[in-house]
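Sequential numbering from 1 along the given sequence is applied to the chain's residues.
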Amino acid sequence: MSRKRWADYSQGQQAAIIVAAAVELAMTAVALRDLAGRPADQVRGPRWAWALGCFVQPVGPVAYLAFGRKPVPPQG
């Protein structure tokens, strides 16, 4: 079985691949930006592990955003 080339995919499949890649890239960027700007005491676990985990697609960024951040206490 040979590998498919880009031209072998239909236009709909190509569009779906591009959209999925854009979503993954955006989620990774959001997660890494949040991790970089968040104080260490508001991150569950080591920051370096979450940074590496963000590159495990597609679950890494979602896992960080869902479980890696501690709630920010209300100010006031």
Side-chain angles (χ1 to χ4, degrees):
M1 189 171 199
S2 63
R3 294 179 62 182
K4 280 189 172 184
R5 295 176 181 226
W6 183 251
D8 295 335
Y9 292 104
S10 70
Q11 286 184 345
Q13 290 172 323
Q14 290 176 354
I17 291 168
I18 291 170
V19 168
V23 168
E24 284 188 12
L25 182 62
M27 288 293 292
T28 301
V30 167
L32 289 173
R33 183 175 177 128
D34 182 84
L35 181 61
R38 186 170 291 270
D41 63 338
Q42 293 180 4
V43 176
R44 290 188 177 110
R47 296 169 76 104
W48 64 267
W50 283 115
L52 287 176
C54 283
F55 292 101
V56 178
Q57 298 297 334
V59 297
V62 174
Y64 167 72
L65 293 170
F67 306 113
R69 305 181 300 169
K70 292 181 183 176
V72 177
Q75 296 178 351

K.L.:
Can you give me the closest heavy-atom contact between Pro61 and Thr28, atom names plus distance?
P.N.:
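Smallest heavy-atom distance, with atoms named: CG-OG1, 3.5 Å.
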K.L.:
With distance as the sole test, does Trp50 use its side chain to make a donor-acceptor pair with the main-chain N or O of Arg44 at under 3.5 Å?
P.N.:
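The answer is yes, because a donor-acceptor pair under 3.5 Å joins these two groups.
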K.L.:
For Tyr9 and Gln13, work out which heavy atoms get closest and say how close.
P.N.:
CA-OE1, 3.4 Å
K.L.:
Nearest heavy-atom pair of Arg38 and Val43: which atoms, and what distance?
P.N.:
CD-CG2, 3.8 Å
K.L.:
Membership question, hydrophobic clusters at under 4.5 Å side-chain separation (ILVMFWY): are Met27 and Phe67 in the same one?
P.N.:
no
K.L.:
Linking I/L/V/M/F/W/Y whenever any side-chain heavy atoms sit under 4.5 Å apart, do Leu52 and Leu35 land together?
P.N.:
no
K.L.:
Could you tell me whether a side-chain N or O of Gln42 sits under 3.5 Å from a main-chain N or O of Pro39, the two making a donor and an acceptor?
P.N.:
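No: the side chain of Gln42 does not pair with the backbone of Pro39.
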K.L.:
Are Val59 and Trp48 grouped together when hydrophobic residues (ILVMFWY) are joined by side-chain heavy atoms under 4.5 angstrom apart?
P.N.:
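Not linked; separate clusters.
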K.L.:
Val56 and Val62: same hydrophobic cluster, using ILVMFWY side-chain contacts below 4.5 Å?
P.N.:
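No.
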K.L.:
Looking only at heavy atoms, which two atoms of Ala7 and Gln14 are closest? And how far apart?
P.N.:
CA-NE2, 4.1 Å
K.L.:
Without swapping roles, check the side chain of Asp34 against the backbone of Ala31 for a donor-acceptor pair under 3.5 Å.
P.N.:
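Checked: no pair found.
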K.L.:
Any non-hydrogen side-chain atom of Phe55 less than 4.5 Å from a side-chain atom of Leu32?
P.N.:
yes
